[in-house]
Amino acid sequence: MKDDVKVEDLNRQQAEAELERLASLIAAANQAYHAEDAPEISDAEYDALKRRNAAIEARFPELIRADSPSAQIGARPSEGFAKVTHAQRMLSLGNAFEVEDVTDFDTGIRKYLGLGPDAPLRYTAEPKIDGLSLSLRYENGELVQAATRGDGSVGENVTANARTIDDIPQRLSGAPEVLEVRGEVYMSHADFAALNARQADSGDKTFANPRNAAAGSLRQLDPSVTRGRPLKFFAYSWGELSEPLGKTQLEAIERLKSLGFSTNPLTRLCDGPQEMLAHYADIEEQRATLGYDIDGVVYKVDDLALQARLGFRSTTPRWAIAHKFPAELAWTRLEAIDIQVGRTGALSPVARLQPVTVGGVVVSNATLHNEDYIAGRSASGEEIRGGKDIRVGDWVQIYRAGDVIPKVADVDLSKRPPEAQPYAFPTRCPECGSEAVREAGDAVRRCTGGLICPAQAVEKLKHFVSRPAFDIDGLGAKQVEQFHADGWIAEPADIFTLQERLGSGLRQLKNREGWGEKSANNLFAAIDERRRIPLGRLIFALGIRHVGEQVSNLLARHYGTWEAFETAVREAEPLEGPAWDELISIDGVGKVLATSLVTTFAQANERASIDRLVGYLYVQPVAAPKTEGSPVAGKTVVFTGTLEKMTRAEAKARAEALGAKVAGSVSAKTDILVAGPGAGSKAKKAAELGIQTLDEDGWLALIAGT
DNA sequence: GCGCCTCGAGCTCT
DNA sequence: CTCGAGGCGC
């Protein structure tokens, strides 16, 4: 590679030519890498090209090419498994813990469907296998893909490994053209014990429990290792289908069985909550002798037509629920209570425990939630519901909520040491000494130090580099903590000047354990790649209270560009003025959230920090929706009442894709009101204002053909 | 006031 | 991955 002109010295014309040259070089390198599996240039050279490209784009955002290499994700595969987008999302289930939750589930469904308490309604009940879920895609009877659940939308491609599992047929006869079978991969107790014995013999590490063993085995990069692991599979559901598997859940499961899948033999049809609970008790009784781990019972509405009517909430189906077995409990001693300070200044107490095994995992920390959870009484003296008066030195009972998060369930007062004192929750921040205050009605006490507090600063930085925010490769929580302690990074903007400031200091970095020339250069390359950042990610990365991932994207979609967003938030004064009104008019933005935004941007030091940061970035605007031929482009639409043919989220997404703005309330600016049944005050107001009002069908007709 | 959703914070192991 | 707290919309 020839010695290049420094990016800072390029003029516009040179930059344009250089971007073109880099685009073709990188494309050629990708081609060689993929086609021949024999790259012509080294990884370091390749990274340098991409880095240079990103740096030039950051300086001349207007010159970014349509075929920009930085827009292409993963030209070279990262290590590990390829990502797979599920044709249909893999959802999780709502949970029931008590008998009452199960009867509520039944009542809720009846209400939703408009069925009386005595109308027949059948459910299936089956054990909930404690493994990991897997989606198998068959096309014309051939297994073409196996994917893990991942976050529900995007999982990992583990096809090669899935092919080694005996319970998973490679080929089906008489199957629908497209068939996605979903089920659980697990390991039996006997196989788990044998595997661990083998692992111990060969000096390899043993697994804590069958679930971890199954997960570890399926995620082997080398399928021949997976082949040697005794994995099994139960089918219990499906995703995309080219034709239905049956009219009921049970029929569909039977069909899967006849196609050659293992299905759980304890699947039963139940006539209502009484029978469901009876089957639950039955399964719980057999739990120890089943030979594999289960963690509850799943109930599903049997009639598939009813399932379709019930549909989904954002992450769970309305027609199914998981009835969990009581969590495993363990007693241990509480050795200390530490206070952690979060990104928003929240003081959270954490129990330090004498290590104890709970549900196959050694637990030494547990959350204590907040002040009231520890105290038996509040400062003013009244009893606090749920307050346990937990003291250092106490014997406490631990369980893992949802089999994950360790919590303190109970205290054994009979074993309390006589000298144990009630815990005094600090009123000053343990990290910076600032006052820690609790707003009226708030459960959380917060450090008021803001950016002065080192703990808050570090947590904010960690948030900034986290996955859904800037997601900088090689700059995780650990590194940020290091760099912060070293004084190299005090605020987000510092990340983007790290390379130039470090200059000769690079030697210091390289001397640090784990850092060599290559990793340092990789880090700088990764940082440069993120100088170009989508608006929503940037807003989220700022870490403003109440402004999470969803809200950030909502704001990004509404304002479109950083400039528009920033101007609006800066101009808005709490509770008044047109900028405030616009902010509040966004569906999903209320007073609390808007105040949090506006006051953050009104703070001089916060603003300065944000301005510095944005100076190093090219913020990608949200792609303008296709408005050509859209009858609703630029119009403000409000949805009210019950929508029957689409969910509110769908309606909104669709309208926005057509260039409309969706607002939450009717005002003089509203152009169209779409009113479903049950519309109330909004319809009235729209009528008063003479605003065009459509029913759902009218709306669909209006946007038909777009 | 209620249902649904989002945020923020917690833990362990890979 | 799950929970409690709390926000938003009806």
Undergrad: If each of A:Val551 and A:Ala351 is mapped to the nucleotide of DNA chain B with the nearest heavy atom, which maps nearer the 5' terminus, i.e. the 5' end?
TA: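 Nearer the 5' end of the strand: A:Val551.
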
Undergrad: Kindly state each residue pair satisfying ring-ring contact (aromatic ring centres under 6.0 Å, His included) with at least one member in residues 325-359 of chain A, sequence neighbours excluded.
TA: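 Non-adjacent pairs meeting ring-ring contact (aromatic ring centres under 6.0 Å, His included): A:Tyr280-A:Phe325.
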
Undergrad: The side chain of A:Gln340 is closest to which nucleotide in this list: B:dG8, B:dC11, B:dT12?
TA: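 Taking heavy atoms from C-beta onward, the closest nucleotide is B:dC11.
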
Undergrad: Looking at the side chain of A:Ser364, which of B:dA9, B:dT12, B:dG10 is the nearest nucleotide?
TA: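 Of the options given, the side chain of A:Ser364 lies nearest B:dT12.
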
Undergrad: Which listed nucleotide (B:dG8, B:dC13, C:dG6) is nearest to the side chain of A:Asn212?
TA: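 When the side chain of A:Asn212 is considered, B:dC13 is the closest of B:dG8, B:dC13, C:dG6.
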
Undergrad: Kindly compute the distance separating OG (A:Ser466) from CD (A:Glu549), expressed to the nearest 0.5 Å.
TA: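 CD of A:Glu549 is found 8.5 Å from OG of A:Ser466.
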
Undergrad: When we call it a touch if two heavy atoms are under 4.0 Å apart, what does A:Gly588 touch: a base, just sugar-phosphate, or nothing?
TA: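 Counting heavy atoms under 4.0 Å across all strands, the contact made by A:Gly588 is with sugar-phosphate only.
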
Undergrad: What's the NZ-C1' distance between A:Lys591 and C:dG6, to the nearest Å?
TA: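 Spelled out: NZ on A:Lys591 to C1' on C:dG6 is 16 Å.
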
Undergrad: Once you round it to whole Å, what is the distance between P of C:dT2 and CG of A:Asp130?
TA: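 These atoms are roughly 11 Å apart.
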
Undergrad: The side chain of A:Pro406 is closest to which nucleotide in this list: B:dC11, B:dG8, B:dT12?
TA: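 The listed nucleotide nearest to A:Pro406's side chain is B:dC11.
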
Undergrad: Return the nearest nucleotide to the side chain of A:Val592; candidates are C:dG4, B:dG10, C:dC8.
TA: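 Among C:dG4, B:dG10, C:dC8, the one nearest the side chain of A:Val592 is C:dC8.
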
Undergrad: In whole Å, I'd like the distance from the CG atom of A:Asn370 to the P atom of C:dA5.
TA: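 One finds 6 Å between P of C:dA5 and CG of A:Asn370, rounded.
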
Undergrad: Side chain of A:Ser348: nearest nucleotide among B:dC4, B:dG10, C:dG7?
TA: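 The nucleotide sitting nearest to the side chain is B:dG10.
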
Undergrad: Of the options C:dC3, B:dG8, C:dA5, whose atoms approach the side-chain atoms of A:Arg343 most closely?
TA: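 Among C:dC3, B:dG8, C:dA5, the one nearest the side chain of A:Arg343 is B:dG8.
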
Undergrad: Whole-Å distance between C:dG6 P and A:Leu593 CG?
TA: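 Rounding to the nearest Å, CG of A:Leu593 and P of C:dG6 are 15 Å apart.
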
Undergrad: Please determine, for the side chain of A:Ile405, which listed nucleotide (C:dG4, B:dT6, C:dC1) has the closest atom?
TA: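 Between C:dG4, B:dT6, C:dC1, the one nearest the side chain of A:Ile405 would be C:dC1.
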
Undergrad: Taking the nucleotide of DNA chain B with the closest heavy atom to each, which residue, A:Tyr112 or A:Phe540, is nearer the 5' end?
TA: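 Between the two, 5'-proximity favours A:Tyr112.
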
Undergrad: So, is A:Arg149 close to the C:dC1 phosphate, meaning a side-chain N or O under 4.0 Å from OP1 or OP2?
TA: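 Result: yes.
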
Undergrad: How many angstroms lie between CG in A:Asn161 and OG1 in A:Thr226, if you round to the nearest 0.5 Å?
TA: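 Between A:Asn161 CG and A:Thr226 OG1, I get 3.5 Å after rounding to 0.5 Å.
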
Undergrad: Contact class for A:Phe207 vs. all strands (heavy atom < 4.0 Å): base, sugar-phosphate, or nothing?
TA: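 Counting heavy atoms under 4.0 Å across all strands, no contact is made by A:Phe207.
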
Undergrad: Rounded to the Å, how far apart are A:Leu353 CG and B:dG10 P?
TA: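 It is 15 Å, rounded to the nearest whole Å.
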
Undergrad: Between atom CG in A:Leu91 and atom P in B:dC5, what is the gap in whole Å?
TA: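 My rounded result for the distance is 12 Å.
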
Undergrad: Which whole-number value in Å describes the distance from A:His369 NE2 to C:dG6 P?
TA: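 After rounding, the gap between these two atoms is 13 Å.
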
Undergrad: Given B:dC11, B:dG8, C:dA5, which nucleotide is nearest the side-chain atoms of A:Arg545?
TA: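 From the listed options, B:dG8 comes nearest.
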
Undergrad: Is the phosphate of C:dC3 approached by A:Asn95 (side-chain N or O, under 4.0 Å from OP1 or OP2)?
TA: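 A:Asn95 to C:dC3 OP1/OP2: side-chain N or O found under 4.0 Å.
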
Undergrad: Would you classify A:Thr344 as touching base, sugar-phosphate or nothing, given that sugar-phosphate means primed atoms plus P, OP1 and OP2, and contacts are heavy atoms under 4.0 Å?
TA: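 Here A:Thr344 touches the backbone only, sparing every base.
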
Undergrad: Are a donor atom and an acceptor atom from the side chains of A:Arg352 and A:Asn365 found within less than 3.5 Å of each other?
TA: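 A pair is found: one side chain offers a donor N or O, the other an acceptor, under 3.5 Å apart.
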
Undergrad: Considering only side-chain heavy atoms of A:Ala346, which listed nucleotide, B:dT12, B:dC13, B:dA9, is closest?
TA: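 Selected nucleotide (nearest to the side chain): B:dA9.
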
Undergrad: I'd like to know if the side chain of A:Thr148 reaches the main chain of A:Gly155, judged simply by a donor and an acceptor atom lying under 3.5 Å from each other, with no hydrogens or angles considered.
TA: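 Answer holds: no.
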
Undergrad: Run A:Asn95 and A:His323 through side-chain hydrogen bond (donor to acceptor under 3.5 Å, both in side chains) and show every step you take.
TA: CA-CA 6 Å; A:Asn95 289 324; A:His323 188 180; over 6 Å; no

Undergrad: What is the distance, to the nearest angstrom, from the NZ atom on A:Lys111 to the P atom on B:dC4?
TA: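 Whole-Å distance recorded here is 9 Å.
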
Undergrad: Report which part of the nucleic acid A:Ile398 touches: base, sugar-phosphate, or nothing (heavy-atom distance under 4.0 Å, all strands).
TA: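 Counting heavy atoms under 4.0 Å across all strands, no contact is made by A:Ile398.
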
